[in-house]
Amino acid sequence: MTRYGMIIDLRSCIGCGACIAACDMENETPWEEGKRRTYVPRFTFGSYPNVTVVYMPRLCMHCENPPCVSVCPTGASHVTADGVVLVEHDLCIGCKYCVVACPYDARYVDERIRSVDKCTFCYTNRVLKGEVPACDATCPGRVRIFGDLDDPNSEAGRLAASGLAKPLRPDLGTNPKVLYVPKVKSI
Amino acid sequence: MEPVVQHVWGWLIALYLFLGGMGGATMIVAHYFYASKREKSLAAPGALASLIMVVLGALFLILDLEKPEKFYLAVIKFQTSSWVFRGTMILSGFIVFGALYAAGLLPWFQWVPWAKSERAMDALGLIASAFGLLVTTYTGILLGVLKAVPFWHSPALPALFVASGLATGIAAMGIINALQGLRRPVDERVRFVGYCTTLSKWAAIVVGAEMFILALYYYVNMFGPAEASSAVSMMLFGELRRSFLAYLDFVLLGAALLSMLYHVRKADLIAGRDQSVVKSCILPLGGAILIIIGGLLLRRTILEAGVMTQFAP
Ligand code: SF4
Ligand code: SF4
């Protein structure tokens, strides 16, 4: 069974933001602060001269146990058979319960369509056509590696199985399918 | 790390949570006056006011939707895991049974068959009150189940909302009682002054319980996850300090006024003095209004303190 996910190698991210631009173009997001499907915040650790900068690409974690789906009163938020969490805009009434239920700040209200929106892994526009998401295709550092986490022959599957890539806040019990290869030890 | 606060739920949801809490509790107090046979004439305006509050609250919830015209999808899709869906069921139950109960009490609807049967009215009032308690509790559960906001994710939050809902419900009945009393001839008024004393005592006790739960809730969160303790800090020392203090001021001042009235009334009774209109109506009205404003400020402040989960690489 396909289980789509993404590995993000924090060791290689230089924070160029090409993924954000590619996503905004591909998915026609509102182009506004706080209303993006992906964003890349910067974290700084230590003090001069021992400083480490980490860029951490953020997007929907496509959780296996997604709180956004269980709180949705209309079924607009749902999971596809291959594990991608989507929002059906026609069904979304915009109660915003999912926005406060998502622990990863992955959702926003798109006023133009009067619906909640978020990363789809470019599911219908690219993945179903055999392509990888726009952010993965654009990233110059090969930071984002999309694929079937259950396929031992895929790069994403191998990295997921290696134990090198870890979920964010596993204590929340959401089982994210976006996993991070850490740059510093704390993850 | 800078705390990230939820920004999608504002005044409309605060009004919804507040009106739901107050409306549900008002039904319980109104039914007390019916079931205890103390003053059935208070039950009718109480039940009606309670219904209006909850319906108004539901309207605010609908207005907050991005697509208010599609609100019915939250009912017909039957997503039983969602507390928004469960809430619509609870609200519907409350509105149906509350309306049946209120109809039996109101003079314009005395033709309904159950109005004459005390047993039927008792049963309807009890069911409406049970739904009232559910509505009041549910407003807290809606936030309390969200793990993404650790400050809200606590069983103490529904308890706090129930206590605040009860305090505002008692205060609302206090206002209804004072207004009813003022409309009566002087010799009847003394009865309403008596109810006012009872309601004042209850309000002061419930506000005491609310303060105890609040202190416990803050204490536990202060030493809880980083997000929860930063929410408490925001309220005690940060940008939410003013609204938090305003809530405390309103509720405590209201409760102080009401408990003062209770003691003045007791002293007057012992000394055989008459009750003046100021003491018996204006003071409780003022106290009740303060407690009600405090209830709204509590919901708003708690929403504004919704610090989301944080993480760093
Ligand atoms: S990251 Fe948020 S929006 Fe994405 S699946 Fe998990 S809970 Fe839902
Ligand atoms: S905002 Fe839309 S997708 Fe989110 S819970 Fe409400 S109806 Fe579901």
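Within every chain, numbering begins at 1; the chains are lettered A, B, ... in the order of the sequence lines, protein sequences first and strands thereafter.
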Give a yes-or-no answer on whether the side chains of D24(A) and T29(A) include a donor-acceptor pair shorter than 3.5 Å.
-> yes
Using distance alone, with no hydrogens and no angle criterion, decide if D117(A) and N27(A) have a side-chain donor and acceptor under 3.5 Å apart.
-> no
Answer yes or no: are there more than 12 heavy-atom neighbours, outside M89(B) itself, under 6.0 Å from its atom CE?
-> yes
Interface check, chain A: of I62(B), I13(B), T309(B), most non-hydrogen pairs under 4.5 Å belong to T309(B)
Within the 6.0 Å centroid threshold, strictly below: F60(B) and W11(B) = no
Quick one: sort the F85(B) and F78(B) rings into parallel, tilted or perpendicular, breaks at 30° and 60°.
-> tilted
When the ring centroid of Y219(B) is compared with that of F223(B), is the distance short of 6.0 Å?
-> yes
So, the part of C72(A) with a heavy atom under 4.5 Å from chain B: the answer is backbone
Cut-off 3.5 Å, side chains only: do R241(B) and S233(B) have a donor facing an acceptor?
-> no
Quick one: are the ring centres of H62(A) and F121(A) less than 6.0 Å apart?
-> yes
Looking only at heavy atoms, which of residues 129-157 of chain B get nearer than 4.5 Å to chain A?
-> L142(B), V145(B), L146(B), K147(B), A148(B), V149(B), W152(B)
Would the number of heavy atoms belonging to other residues, nucleotides or ligands and lying under 6.0 Å from CD of E33(A) be above 12?
-> no
Between the side chains of R299(B) and S164(B), is a donor N or O closer than 3.5 angstrom to an acceptor N or O?
-> yes
How would you list, in number order, the residues of residues 75-94 of chain A that have a heavy atom less than 4.5 Å from chain B?
-> G75(A), H89(A), D90(A), L91(A), C92(A), I93(A), G94(A)
